[in-house]
*Asks:* 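Sharing a structure below in structure tokens format, with a few things to ask.
Residue numbers begin at 1 in each chain, while the letters A, B, ... track the order of the sequences. Given the structure is predicted, the values throughout are model-derived calculations rather than measurements.
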Protein chains: 2
Amino acid sequence: MSGTEPQAAQGHDDPAAEQAPPGRPHTGRRRNEAAHRAILDAALNLLADSDGTPVTIDAIARTAGVGKQTVYRWWPSKGAVLLDALTDRADQDVRGPDTGTLRTDLHAFVATTFDAAQRSTTASALRTLAREAARDPHLAELMQTFTATRRTALRELLSRGRERGELADDADLDLIVDQVYGVFWYRFLLGHAPLDPGAAERLTDALITGNGSA
Amino acid sequence: MSGTEPQAAQGHDDPAAEQAPPGRPHTGRRRNEAAHRAILDAALNLLADSDGTPVTIDAIARTAGVGKQTVYRWWPSKGAVLLDALTDRADQDVRGPDTGTLRTDLHAFVATTFDAAQRSTTASALRTLAREAARDPHLAELMQTFTATRRTALRELLSRGRERGELADDADLDLIVDQVYGVFWYRFLLGHAPLDPGAAERLTDALITGNGSA
DNA sequence: GTTTGTCGAGACTGCTAGTCTTGTCAAGTG
DNA sequence: CACTTGACAAGACTAGCAGTCTCGACAAAC
């Protein structure tokens, strides 16, 4: 997902993806890369300045100067387009920092995550995506992979710390991960409390102290 | 909200609520209490065995044997009906236990909360409600009050503990609250990890250790 | 130049929230 | 009892949106 290859998200038999190996190699008109990019860009832009308002396929197609069918030729659902548009720009290999000290690594990870929610474009995109995922099971599934990637990165960061003895041997890493992302999403979606540097700092400290060795 | 009085959720000038004091006291046919209860019951039942599937107003009205207009006469939106149906049965005064020991109180609170997500009826109702809230700003606002009530109860429980010296003086109570509800909702909605008694136990311990005095 | 697949455009279906209409029924009022 | 007023059930209607289908044009291979 992302980049120039349409690659229409998981489990979708993409009519363009290399065309089934046997039989004809490929005849007919080739796909229009410009249109492909235009769709992704349009989706991202609409996502960015939508702040909560649902983004419609019609709007994406119109903004991209493209027929609706062209959108559905390459993506299986609206959600797939939106997620593709987001991940197109987001770092795909979310790799936690590795400074050799758990506190530093964890704090950097948490602070970066929290900070991303302050950038208004990312924020509205993420918010809209979350809202869409609530109604679209297909997108919800795609989001699972998205969130799972991030959880894994964080878990490995913690795992390294535990191996160095900075966390108790029996610390529940998955629970720590979920405390980070739980607080993040809970505050992000409800908006009742800030996701500022102070919160990142205090959360980091509480997590390490609460699960430390000794 | 809840109980026998329609009371059509916050900020809605309920056409029945006592009828404006001045002018006529009340003429015409009285509201049908049976229909009112039938709507609430129908909503709750549909919510309970919907598991994610959206609950439509048509379905509620049909199940209750009531005209759609009757629903809209007493509630301003679908979300209001759903939330009213849920809070109708849920304990309105969510009061945390007060045993005199933070660990006991907090563990009971967390375990109860987590456990509620295991009852299939509550679970599907809550899940559907969360999904609906994502698309319906009106409902989202109502949910804010719902979640705020619970956060306050938890916060007070923690506050008592802090006064007894079981938490550091500078512990960030709001952050602890959000760690509990963050983990809860994050796991509840994503379903990637369990909300079992073990998780409740470990979370409790981590929170107290991580924010303890000394 | 024929075949095959893509393109833009937009009509169309199906679903649902919320409104409006209609005819009926119940509870007070004179 | 007649009349007024508001609640009621039923259901037609509007509006918005996802996803499908159709159509005529176009581009790449053979």
*Asks:* Looking at B:Tyr181, does the NZ or CZ of B:Arg150 lie under 6.0 angstrom from its six-membered ring centre and within 45 degrees of the ring axis?
*Replies:*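 Checked: cation-pi criterion not met.
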*Asks:* Atom CG of B:Asn32 to atom P of D:dA7: distance rounded to whole Å?
*Replies:*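 From B:Asn32 CG to D:dA7 P: 12 Å.
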*Asks:* Kindly point out which of C:dC7, C:dG18, D:dA18 is positioned nearest to the side chain of B:Lys78?
*Replies:*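 Ranking C:dC7, C:dG18, D:dA18 by closest atom to the B:Lys78 side chain puts C:dG18 first.
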*Asks:* Both B:Pro54 and A:Val66 contact DNA chain C. Taking the nearest nucleotide for each, which residue is further toward the 5' end?
*Replies:*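 Per heavy-atom nearest nucleotide, the more 5' residue is A:Val66.
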*Asks:* Rounded to whole Å, please give me the gap between CZ in A:Arg135 and P in C:dG14.
*Replies:*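 Interatomic distance, CZ of A:Arg135 to P of C:dG14: 21 Å.
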*Asks:* Counting C-beta onward and ignoring hydrogens, is there a side-chain heavy-atom pair between B:Glu33 and B:Arg31 closer than 4.5 Å?
*Replies:*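 Yes - at least one pair of side-chain heavy atoms lies under 4.5 Å apart.
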*Asks:* Does C:dA26 have OP1 or OP2 sitting under 4.0 Å from an N or O in the side chain of B:Arg30?
*Replies:*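 No, no such contact exists.
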*Asks:* D:dA18 P sits how many Å from A:Leu82 CG, rounded?
*Replies:*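 A:Leu82 atom CG is separated from D:dA18 atom P by 9 Å.
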*Asks:* Enter the inter-axis angle for the ends of the helix from C:dG1-D:dC30 to C:dG30-D:dC1 (five pairs per end, rounded to 10°).
*Replies:*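 End axes: 10° apart.
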*Asks:* Of the listed nucleotides (C:dG10, D:dA9, D:dA7), which one gets closest to any side-chain atom of B:Ala35?
*Replies:*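 Nearest to the side chain of B:Ala35 among the choices is D:dA9.
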*Asks:* Using a strict 4.0 Å threshold on nitrogen-to-oxygen distance, state whether A:Lys78 and A:Asp136 make a salt bridge.
*Replies:*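 No.
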*Asks:* Which atom names give the shortest non-hydrogen contact between B:Leu129 and B:Leu139, and what distance separates them?
*Replies:*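 Looking at all heavy atoms of both residues, the closest pair is O-CD2, 3.8 Å.
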*Asks:* Between the side chains of A:Thr128 and A:Ser50, is a donor N or O closer than 3.5 angstrom to an acceptor N or O?
*Replies:*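 Yes, because at least one side-chain N or O of A:Thr128 sits under 3.5 Å from a partner of the opposite role on A:Ser50.
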*Asks:* Measure from CD1 on A:Ile57 to P on C:dC12 and round the result to the nearest Å.
*Replies:*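 So the two atoms are 21 Å apart, to the nearest Å.
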*Asks:* Could you state the atom-to-atom distance from CZ of B:Arg73 to P of C:dA17 in whole Å?
*Replies:*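 So the two atoms are 19 Å apart, to the nearest Å.
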*Asks:* Using a 4.0 Å heavy-atom cut-off, does A:Val81 contact any base of the nucleic acid, only the sugar-phosphate backbone, or nothing at all?
*Replies:*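 Nothing, no heavy atom under 4.0 Å.
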*Asks:* Can you check the A:His36 NE2 to C:dG8 P distance for me, whole Å?
*Replies:*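 Nearest whole value for this atom pair: 13 Å.
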*Asks:* Would you kindly compare A:Asp58 and B:Gly65 by the position of their nearest DNA chain D nucleotide and give the one closer to the 5′ end?
*Replies:*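 The 5'-side residue here is B:Gly65.
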*Asks:* Any N or O donor-acceptor pair linking the side chain of B:Arg29 to the base of D:dC8 at under 3.5 Å?
*Replies:*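 A donor-acceptor contact between them is absent.
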*Asks:* Please report, rounded to the nearest Å, how far the C1' atom of D:dG6 is from the CD atom of B:Glu33.
*Replies:*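 Between C1' of D:dG6 and CD of B:Glu33: 15 Å.
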*Asks:* Compare side-chain N and O positions of B:Thr56 against OP1 and OP2 of C:dT16 and report whether any pair is under 4.0 Å apart.
*Replies:*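 The answer is no; no side-chain N or O of B:Thr56 sits under 4.0 Å from OP1 or OP2.
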*Asks:* Which of these nucleotides, D:dC8, D:dA18, C:dC7, is closest to any side-chain atom of A:Thr70?
*Replies:*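 Selected nucleotide: C:dC7.
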*Asks:* Is it the case that C:dG18 (base atoms only) and B:Lys68 (side chain only) share a donor and an acceptor within less than 3.5 Å, ignoring hydrogens and angles?
*Replies:*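 Check passes, donor-acceptor contact within cut-off.
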*Asks:* Can you find a side chain N or O atom of B:Trp75 that sits less than 4.0 Å from OP1 or OP2 on C:dA17?
*Replies:*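 So the side-chain polar atoms of B:Trp75 never come under 4.0 Å of the phosphate oxygens OP1 or OP2 of C:dA17.
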*Asks:* Looking only at side-chain atoms of A:Gln69, point me to the closest of C:dG10, C:dG5, C:dT19.
*Replies:*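 Closest of the options to the side chain of A:Gln69: C:dG10.
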*Asks:* In whole angstrom, give the distance that lies between atom CD1 of A:Ile60 and atom C1' of D:dG19.
*Replies:*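 Taking atom C1' of D:dG19 as the reference, CD1 of A:Ile60 is at 13 Å.
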*Asks:* In terms of side-chain geometry, is the basic nitrogen of A:Arg187 or A:Asp196 positioned less than 4.0 Å from the acidic oxygen of its partner?
*Replies:*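 Salt bridge flag = no for A:Asp196 with A:Arg187.
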*Asks:* Give, for atom CG of B:Asp178 and atom CH2 of A:Trp185, the distance between the pair rounded to the nearest 0.5 Å.
*Replies:*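 Here the rounded value is 15.5 Å.
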*Asks:* Using a cut-off of less than 4.0 Å, is there contact between a side-chain N or O of B:Arg31 and OP1 or OP2 of C:dA27?
*Replies:*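 Answer no for this pair, as no side-chain N or O of B:Arg31 is under 4.0 Å from OP1 or OP2.
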*Asks:* Cut-off 3.5 Å, side chains only: do B:Asp174 and A:His192 have a donor facing an acceptor?
*Replies:*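 Short answer, no.
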